[in-house]
Amino acid sequence: MQTKELTYQHHYTSLTRPELVAKLKTTLTDDRFQHVLRVEQTAVDLAERYGVDPEKASIAGLVHDYAKQRSDKDFVDAIHEYHLDPDLLNYGNAIWHGVVGWIFVKNELGINDIEILNAVEYHTVGHEVMTVLAQIVYMADYIEPNRNFPGVEKARQLTNTDLVLAVAYQTKQTLAYLVANNRPVFPQTVVTYNSWVPKSGLN
């Protein structure tokens, strides 16, 4: 996949894009690395569509899975060190890499922009309040070109026409999947559902 080259203006990170990409390449497996490149490109395309700073979308798309391959111990230590909700200890990487992972993005990549950090934090479970950037990263991760699951084409169509409705659609689909497969539901997922789905007008 051809990723559009952006020249960072250093508003949000001291790293250039090639430096950030190189850091991710040494941190992630190749499959995960290719995924973040696709999410970045999808996020940049959506940013242009919805009037969001493409540099922010690029950075958020690249780093959203920065912590995906950290050890459980790293996350457990961070939950204790930063006095995060102890209920987090009842979950695992699928939740932690976003809800806790933003701390590693902030501390290790020197990214302090709250909108980017929130987009990373919310990309797995959503949030009752999400900026357009956070909505873009939430959807870009869900619909990047290699995603292939029932409903993804509808998610892509909605994302390109009505971002808010797309967020509602993903949230409903994700919750339905978790329930259908007897998987635990992180409480924030329910909060996100109640905030985005019932009044969305979604069929």
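Tyr82 and Asp77 share no side-chain donor-acceptor pair at under 3.5 Å. A donor and an acceptor atom, one from each side chain of Thr27 and Gln69, are nowhere located under 3.5 Å apart. Defined by atom type and a distance below 3.5 Å, a donor-acceptor pair is missing between the side-chain atoms of Gln41 and Glu144. Between Ser58 and Tyr8, the side chains place a donor N or O and an acceptor N or O closer than 3.5 Å (distance only, hydrogens not considered). Side chains of Asp53 and Tyr12: a donor on one and an acceptor on the other come within 3.5 Å. Judged purely by distance below 3.5 Å, without hydrogens or angles, the side chains of His35 and Asp141 pair a donor atom with an acceptor atom. Using modelled atom types, one finds no donor on one side chain facing an acceptor on the other under 3.5 Å when comparing Tyr50 with Gln135. Using modelled atom types and a 3.5 Å distance limit, the side chains of His97 and His123 yield a donor-acceptor pair. Using modelled atom types and a 3.5 Å distance limit, the side chains of Tyr142 and Thr174 yield no donor-acceptor pair.
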>> salt bridge (charged side-chain N to carboxylate O under 4.0 Å, His left out) for Glu153 and Arg147? Distances and angles first, verdict last.
In response: CA-CA 10 Å; Glu153 288 305 327; Arg147 296 294 196 196; over 6 Å; no
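Using a 30° and 60° split on the angle between ring planes, Phe75 and Trp96 fall in the tilted class, from 30° to 60°.
Closest approach of Ala43 and Ala140 over heavy atoms only: N-CB, 3.9 Å.
Ion pairing of Glu108 with Arg70 is present here, as a side-chain N (NZ or NE/NH1/NH2) and a carboxylate O approach within less than 4.0 Å.
Between Ile103 and the options Val99, Asn107, Val105, a side-chain contact (heavy atoms from CB on, under 4.5 Å) holds for only Asn107.
Linking Ile, Leu, Val, Met, Phe, Trp and Tyr residues whenever their side-chain heavy atoms come within less than 4.5 Å places Ile143 and Phe149 in a single cluster. In this structure, Leu28 is a member of the same hydrophobic cluster as Ile59, with clusters built from ILVMFWY side-chain heavy atoms closer than 4.5 Å.
The closest donor-acceptor contact from the side chain of Asp65 to the backbone of Lys68 lies at 3.5 Å or more, if one exists at all.
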